[in-house]
2 protein chains.
Amino acid sequence: MTRSVPSRRHDIADDLRHQITTGHLKPGERLPSETDLASRYKASTVTLRSALAVLQGEGLVEKIHGKGNFVRRPLRRIMYVSGWGTLDPWTAAEPALRVTVRTATVQADGHLTTLLRVPTGSPLAEFFCVSHEGESPHGLARIYVPRDLAPAGVLDDESPCPEAVKRFAVLGPPPAAIRETVSARPPTSDESSTLRTNSAAPVLAVTRVATDRTGRVVEAALLVFPGDRADAVFTTHHTPDERQTAG
Amino acid sequence: MTRSVPSRRHDIADDLRHQITTGHLKPGERLPSETDLASRYKASTVTLRSALAVLQGEGLVEKIHGKGNFVRRPLRRIMYVSGWGTLDPWTAAEPALRVTVRTATVQADGHLTTLLRVPTGSPLAEFFCVSHEGESPHGLARIYVPRDLAPAGVLDDESPCPEAVKRFAVLGPPPAAIRETVSARPPTSDESSTLRTNSAAPVLAVTRVATDRTGRVVEAALLVFPGDRADAVFTTHHTPDERQTAG
DNA sequence: CAGTGGTCTAGACCACGAA
DNA sequence: TCGTGGTCTAGACCACTGT
């Protein structure tokens, strides 16, 4: 009942998916060229490419311009844990992890003023972080902290960045409350080139706002992860009485 | 620097996006037919359609087969609030809200056994819920509760379903802990037809597992929302001392 | 029925990667 | 240079919606 209108695209995608999941095509292996596949399936190149786009969105196939289509190696999933940041304790000891951080001072405007609840033009410390695990991009973060709250010695400086930055964890002074908003959307062109995830695959975007006891926003972070590799995990513990579900 | 390779598709998408955001094309308005647009932009229909697919993924355009392309009316965003479910308190009094619920008893297998930590074949109460707001689909939920914990009178019965079900809130006995895993992915074909979101737009998927004080899983819920309408919000309050960020 | 979007084709041309 | 994927075209045919 699901496929009343069989489409060439989905048929081909289903067949290739089957070959991948059953191991007829092994991780890392190169698929035949699109021209070959097209003639093998008696389909046009356009149709075949749209079938590959389906698999690409599912994270099963990686396309590399000029080289070919490859069965993606099953990568360790990235786990974003609420207050902690990415890199949960189990994978924190990852060796082949590279994080590049660029710090700058910017002036608040647009979304940032509303997120941080500061007037336009307020000085902010910006941490622009990209993390890679081996070849594959891990995630992308833009973390903003009011400059007077930024950890000393990290701005306009070449001192090594703290662990927290590498994990995309909360910076600035210890917050009293964190509010995280998660959404799913297609990547911007910047993001799709940085994350090497072509626009077929969605991204998981986390907007994190941390406030201190007085209600002042001490950090706002815009985090982006490739949707086919990342999950965000939130755990809530309810003490009795505090339950708020209505009847 | 971003667009060193100008592509016809993006140029067209950018132009149409501009016309929409500046109000030259108004919400609800029908766009010219794809044939018209194609000739107007001096592009092929395929190229033009791929441009529309970009806008569709961004939630700016809605395609209706046989009728045309329409500028989407800005819809109230759906907010999924951690323990509470969808329909935050502010919008809970929504009038034009319809929810269809189908209940059944199923036997656990596959993912469900691991999620609920029950042996294969265990009887589960299944709540299959679809919620609409006016015309547009709101969300989709599959909630599973061990049958001996299911609220009485809701199974195989025509009694009105409780408010909690309509909100996709936690069912079953009050949980002591809730663990929610959020991910972004393309919709399955079932989901894209149910949510009327064509596969260009990603979905926000929430897997919610609720456990009681003894650690027993009292509910597992698979929630799916259209990515261009939904956000998931999580709020954490830190009492001093409990902060776990490493240095 | 006419008009719309949905799918597909065969082939052209461009951009990238490895010789 | 060659083989790869990336983009685009012009046109055919099908499926859905309204009259």
Side-chain angles (χ1 to χ4, degrees), chain A residues 1-16 28-57 60-72 135 187 189 192-193 196-201, chain B residues 1-16 28-57 60-72 135 187 189 192-193 196-201:
Chain A
M1 73 168 69
T2 303
R3 171 87 340 95
S4 54
V5 180
S7 73
R8 208 81 192 77
R9 164 175 63 241
H10 285 112
D11 292 345
I12 297 174
D14 290 348
D15 187 70
L16 287 173
E29 191 173 343
R30 212 203 84 181
L31 276 67
S33 77
E34 300 186 345
T35 322
D36 286 357
L37 285 173
S39 66
R40 180 180 313 189
Y41 284 109
K42 297 192 202 309
S44 74
T45 61
V46 178
T47 304
L48 184 119
R49 282 175 54 73
S50 80
L52 286 178
V54 174
L55 301 178
Q56 197 190 356
L60 290 174
V61 165
E62 180 178 13
K63 321 199 69 169
I64 304 183
H65 192 166
K67 296 181 70 174
N69 294 284
F70 297 83
V71 180
R72 238 178 82 174
E135 289 300 303
S189 47
S192 72
S193 59
R196 295 246 259 92
T197 174
N198 294 34
S199 55
Chain B
M1 77 168 67
T2 304
R3 175 92 325 107
S4 53
V5 180
S7 73
R8 209 77 194 78
R9 165 178 56 241
H10 286 111
D11 291 345
I12 298 174
D14 289 348
D15 187 70
L16 287 173
E29 191 172 344
R30 211 202 87 181
L31 275 65
S33 77
E34 300 186 343
T35 324
D36 285 359
L37 284 174
S39 65
R40 181 179 311 189
Y41 283 109
K42 298 191 202 309
S44 74
T45 62
V46 178
T47 303
L48 184 118
R49 283 175 53 74
S50 80
L52 286 177
V54 174
L55 301 178
Q56 196 189 354
L60 290 175
V61 166
E62 181 178 11
K63 321 200 72 169
I64 304 183
H65 192 166
K67 297 181 72 173
N69 295 283
F70 297 84
V71 180
R72 240 179 77 176
E135 290 298 302
S189 48
S192 73
S193 60
R196 294 244 261 87
T197 175
N198 296 34
S199 54

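Values reported hereafter were calculated over all heavy atoms of this structure, with side chains retained and with hydrogens, waters and symmetry mates removed. Every chain is numbered from 1 and lettered A, B, ... according to where its sequence line falls, protein lines coming before strand lines.
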Stepwise salt bridge (Lys or Arg N to Asp or Glu O under 4.0 Å) check, B/Glu34 with B/Arg40: CA-CA 10 Å; B/Glu34 300 186 343; B/Arg40 181 179 311 189; over 6 Å; no
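Between the CG atom of A/Asp15 and the CG atom of A/Leu55 there is a distance of 10.0 Å, given to the nearest 0.5 Å. Interatomic distance, A/Leu52 CG to A/Leu37 CG, rounded to the nearest 0.5 Å: 6.5 Å. Rounding to the nearest 0.5 Å places CG of A/Leu48 at 10.0 Å from CG of A/Asp36.
In terms of position along DNA chain C, the nucleotide closest to A/Thr47 lies nearer the 5' end than the nucleotide closest to the other residue of the pair A/Thr47 and A/Lys67. Positionally, the nearest nucleotide of DNA chain D for A/His65 lies more toward the 5' end than for the other of B/Ser44 and A/His65. Between A/Gly66 and B/Thr35, it is B/Thr35 whose nearest contact on DNA chain C lies nearer the 5' terminus.
In this structure, A/His10 places its NE2 atom 13 Å from P of C/dG6, rounding to the nearest Å. Rounding to whole angstrom units, CG of residue A/Asp11 and C1' of C/dC8 are separated by 13 Å. As rounded to whole Å, 9 Å separates atom P of D/dT7 from atom NZ of A/Lys63. Between the CG atom of B/Leu37 and the P atom of D/dA10 there is a distance of 16 Å, rounded to whole Å. One atom, CG of A/Leu48, and another, C1' of D/dT4, lie 14 Å apart when rounded to the nearest Å. Taking atom CZ on A/Arg30 and atom P on C/dG17, their separation rounds to 15 Å, with Å as the unit. D/dT9 atom C1' lies 16 Å from atom CD of B/Glu34, rounded to whole Å. When rounded to the nearest whole Å, the span between CZ of A/Arg49 and C1' of C/dC13 equals 14 Å.
Taking all atoms of both residues into account, the shortest heavy-atom contact from B/Leu31 to B/Phe70 is CD1-C, 4.1 Å.
Nucleic acid contact for A/Arg9: sugar-phosphate only, since backbone atoms but no base atoms lie under 4.0 Å from a heavy atom of the residue. Residue contacts shown for A/Thr45 include a base, since a base heavy atom lies under 4.0 Å away.
Side-chain nitrogen and oxygen atoms of B/Asn69 include at least one within less than 4.0 Å of the OP1 or OP2 phosphate oxygen of C/dG5. A sub-4.0 Å separation between OP1 or OP2 of C/dG6 and a side-chain N or O of A/Arg8 is absent.
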